[in-house]
Participant: 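Would you mind keeping the following structure in view while I ask a few things?
When a ligand or atom number is given, it counts from 1 through the structure's own listing order. Positions are given from 1 along the sequence.
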Amino acid sequence: MTVDNKAIWWKNATVYQIWPASYKDSNGDGVGDIPGIISTLDYIKSIGVDVVWLSPMFDSPQDDMGYDISNYEGVYPKYGTLEDMDNLLKQVHDRGMKLILDLVINHTSSEHDWFKESRSSKTNPKRDWYIWKKPKYDAEGNRQPPNNWGSYFSGSAWKYDETTDEYYLHLFAESQPDLNWENEETRHAIYNSALKFWFDKGVDGFRIDTAGMYSKVQSFPDAPIVFPDVEFQPCKEFHQSGPRIHEFHKEMFQTVTSKYDAMTVGEVGHSTREDSLKYVSASEKEMNMMFLFDTVEVGSDIGDRFRYQGFELPELKDAIIRESEFTVGTDAWSTVFIENHDQPRCISRFGNPSKQWRVPSGKALAALQSTLTGTLFIYQGQEIGMINLPKEWDISEYLDINTINYFKAWSEKNKPTDEGYQKNLDVLLANINLLARDNARSPVQWDDSEYAGFSTGKPWTRVNDNYKEINVASQVNDPNSLLNFWKKMLSVRKEYSPALIYGNLEVIDKESKENFSYYKVNGDNKAFVTINFTESPIEVKSTSSDTFKSVVCSGDSQEESLEPKGTVSLGPWEAKVFVSV
Ligand code: NOJ
């Protein structure tokens with residue numbers, strides 16, 4: 001790949017994701033809000049961010065924290081008003097940044113007027129805007145859902161609705177009915193209300209939620225039994241990258257997105273290289289880039305994240321290679337991310353969250369992320385090294401619908417009198433602590449005052465106990481802080497963008513369980529990155545005949561240059577970045 005001279009703004013960009021409920025509260029009601037966000041824009045800018053991605057701030061009953069939208073054209077009152085959004089947009093733009101919103105259009109909330117009409121009668125003009133099916137009956141005459149599809153949030157993906165004696169499909173919560181994308185009128189209503197309304201206000205693009213799920217296999221067959229111990233089964237193959245998905249994305253692009261200088265990033269999760277390219281090849285005219293889950297799901301079963309096996313470093317490398325390589329030699333573009341509102345904190349997941357190694361391993365992961373190819377996304381609090389919820393917290397502190405439903409379903413099936421109950425419970429609780437979405441959702445730790453400076457009132461969800469040690473205020477002026485390391489990495493990333501943002505990834509020593517080392521190569525522009533993933537010092541040999549100069553050492557050492565085939569010494573969790581001279 002050669003340097004992209006057209007310098008498309010979203011390729012070079014570093015994006016900062018804000019999850020509004022837990023970001024910054026301005027009025028003391030314990031819930032983050034838009035004026036709170038506005039008050040921190042100078043901070044965000046100072047990190048080196050170009051684009052702010054705001055997770056759903058639309059009107060919503062908040063069963064799934066805003067991913068259940070009851071009105072695309074309104075703002076959740078606790079977050080603010082449409083005027084606040086206009087102000088946010090202006091303030092972001094005034095600082096030379098861009099603003100993208102979340103586009104949640106696989107489903108709405110059951111409180112959306114469209115669904116209220118749809119469920120009211122079989123003859124309502126909006127009946128077909130959602131996916132309704134007749135019940136099935138078993139041999140004993142008991143009513144059953146139309147098929148065995150499981151919801152992502154546990155249980156059946158179908159909900160019986162008495163009013164019309166039919167079931168509706170909900171791949172997520174019961175209160176998130178799936179829209180029927182087969183209906184053309186529905187699609188155009190979505191384009192107008194969810195996209196055009198906000199584009200016309202000046203937003204710069206969208207992160208597209210569950211972007212691979214709109215087209216369902218219309219025969220709605222039973223899914224194969226993957227988990228014999230549960231009734232309802234993963235059903236991805238019948239709704240992920242379904243028969244008409246690319247037709248729908250092309251239509252959406254042609255009808256709306258193409259009319260604006262927009263950035264679009266689709267959450268696709270799992271797809272083959274061939275299929276990924278259909279979404280994000282520039283020539284396909286669907287979306288600019290996508291999130292794949294290879295990295296964030298390492299060690300987990302893709303049908304069920306809490307069935308966790310663990311992983312070794314080479315598996316993490318493989319995942320990163322898969323996500324980086326699928327665009328090589330094509331006109332497609334990729335993303336780099338390791339945290340978001342659905343993932344645990346990366347230091348707890350991939351680094352070492354202990355007091356001694358939290359900052360060094362956070363720097364190592366920052367160096368990794370900042371030197372990979374694609375548009376870089378960081379998540380609120382990642383830049384200061386927020387870590388997972390304390391292990392000793394009770395399960396009742398976990399408020400995410402996904403965690404709650406999973407734990408409830410597990411508790412209904414497993415009884416304290418069962419053999420191995422306590423051991424299985426302990427494993428599950430450890431996996432929840434390691435992987436639950438709640439880990440990303442505790443309030444951002446701004447300072448060491450009560451409630452971590454997030455709010456003056458009691459926050460809607462508990463602040464992590466470690467806020468006095470981990471907070472923004474204590475890091476801003478500390479040259480050795482993780483925050484300042486992130487700032488440095490983001491500027492190094494821009495300075496050496498041909499190799500770091502655009503280069504091809506060439507991993508060496510792939511089987512090593514200790515170091516993650518790679519070249520980034522783009523014509524004559526080369527970088528060498530080597531990272532120690534252990535708590536002991538190690539040495540790594542460069543395989544290149546080039547001479548490199550050091551541009552980053554995350555630890556104490558100062559490397560001046562790396563001779564051809566030279567050796568690099570790395571302290572525990574140390575990362576070093578070199579560029580060719
Ligand atoms: C993906 C979002 O990131 C997640 O938070 C949400 O629960 C589901 N999609 C449903 O919208």
Side-chain angles (χ1 to χ4, degrees), residues 15 17-23 32 53-70 72 76 100-112 115 130-131 149-155 157 159 168-179 181 190 194 206-214 216 234-236 239-241 245 264-271 287 289-293 295-297 300 302-306 335 337-345 377 379-380 398-406 435-442 461:
V15 184
Q17 182 191 354
I18 292 180
W19 195 76
S22 294
Y23 182 69
W53 154 24
L54 180 55
S55 280
M57 75 303 146
F58 311 96
D59 209 357
S60 158
Q62 303 291 332
D63 287 347
D64 185 20
M65 297 308 296
Y67 286 89
D68 49 326
I69 297 172
S70 52
Y72 291 107
Y76 178 51
I100 67 169
L101 303 183
D102 232 291
L103 185 62
V104 189
I105 50 178
N106 173 67
H107 43 266
T108 63
S109 159
S110 50
E111 294 300 307
H112 196 295
F115 187 72
Y130 293 82
I131 301 170
W149 291 8
S151 146
Y152 283 99
F153 292 161
S154 305
K159 171 78 178 161
Y168 63 84
L169 181 72
H170 61 89
L171 290 176
F172 294 92
E174 282 177 17
S175 55
Q176 290 169 296
D178 281 53
L179 284 154
W181 276 72
I190 294 169
F206 288 97
R207 173 266 188 184
I208 311 176
D209 187 69
T210 54
M213 295 193 190
Y214 312 150
K216 279 85 179 174
C235 52
K236 270 206 174 82
H239 66 257
Q240 178 67 33
S241 297
I245 190 70
T264 48
V265 50
E267 181 203 35
V268 175
H270 301 279
S271 73
M287 58 182 76
M289 57 191 128
M290 72 207 283
F291 294 130
L292 290 170
F293 293 171
T295 301
V296 292
E297 289 189 353
S300 269
I302 63 168
D304 177 348
R305 82 162 61 183
F306 295 125
T335 59
F337 76 102
I338 199 169
E339 279 192 24
N340 63 34
H341 64 293
D342 292 335
Q343 299 301 330
R345 293 295 183 173
F377 292 75
Y379 178 69
Q380 63 186 34
Y398 291 69
L399 304 183
D400 173 26
I401 188 169
N402 187 34
T403 317
I404 290 174
N405 286 3
Y406 193 98
L435 300 163
R437 309 197 299 181
D438 304 78
N439 288 303
R441 301 179 175 195
S442 65
T461 190

Participant: Can you sort out which atoms of ligand 1 are near T210, meaning under 4.0 Å from one of its heavy atoms?
Facilitator: 9 (N)

Participant: What part of M213, side chain, backbone, both or neither, has a heavy atom within less than 4.0 angstrom of ligand 1?
Facilitator: neither

Participant: Please state which protein non-hydrogen atom is closest to atom 8 (C) of ligand 1 and give its distance, to 0.1 Å?
Facilitator: F172 CE2, 3.7 Å

Participant: With a cut-off of 6.0 Å (strictly less than), are more than 12 heavy atoms of other residues, nucleotides or ligands near NZ of K236?
Facilitator: yes

Participant: In plain terms, say whether E297 and R305 are close enough for a salt bridge, that is, a side-chain N and a carboxylate O under 4.0 Å apart.
Facilitator: no

Participant: Does the plane of the ring in F172 sit parallel, tilted or perpendicular to the ring in Y152? Use 30° and 60° as the thresholds.
Facilitator: parallel

Participant: Can you spot which of K216, H107, H170 makes a side-chain hydrogen bond (donor to acceptor under 3.5 Å, both in side chains) with D178?
Facilitator: K216

Participant: Is Q343 near ligand 1, meaning one of its heavy atoms is under 4.0 Å from it?
Facilitator: no

Participant: Starting from atom 7 (O) of ligand 1, which protein heavy atom do you reach first, and at what distance in Å?
Facilitator: D64 OD2, 2.5 Å

Participant: Classify the side-chain pair Q17/S55 by whether it contains a donor and acceptor separated by less than 3.5 Å.
Facilitator: yes

Participant: Decide whether an N or O pair under 3.5 Å exists between H341 and ligand 1.
Facilitator: yes

Participant: Atoms of ligand 1 less than 4.0 Å from H107 heavy atoms?
Facilitator: 10 (C), 11 (O)

Participant: Using side-chain contact (heavy atoms from CB on, under 4.5 Å) as the criterion, point out the one residue from R207, M290, M213 that pairs with E267.
Facilitator: R207

Participant: If the cut-off is 4.0 Å to any non-hydrogen atom of F153, which atoms of ligand 1 fall inside it?
Facilitator: 7 (O)

Participant: Show which atoms of ligand 1 fall inside a sub-4.0 Å distance from at least one heavy-atom site of R437.
Facilitator: 4 (C), 5 (O), 6 (C), 7 (O)

Participant: Quick one: nearest non-hydrogen protein atom to atom 3 (O) of ligand 1, plus distance?
Facilitator: D342 OD2, 2.4 Å

Participant: Can you tell me the protein heavy atom closest to atom 2 (C) of ligand 1 and the distance?
Facilitator: D209 OD1, 3.0 Å

Participant: Parallel, tilted or perpendicular: which describes the rings of W53 and H341, with under 30° parallel and over 60° perpendicular?
Facilitator: perpendicular

Participant: Side chains of D63 and S175: is there a donor and an acceptor less than 3.5 Å apart?
Facilitator: yes

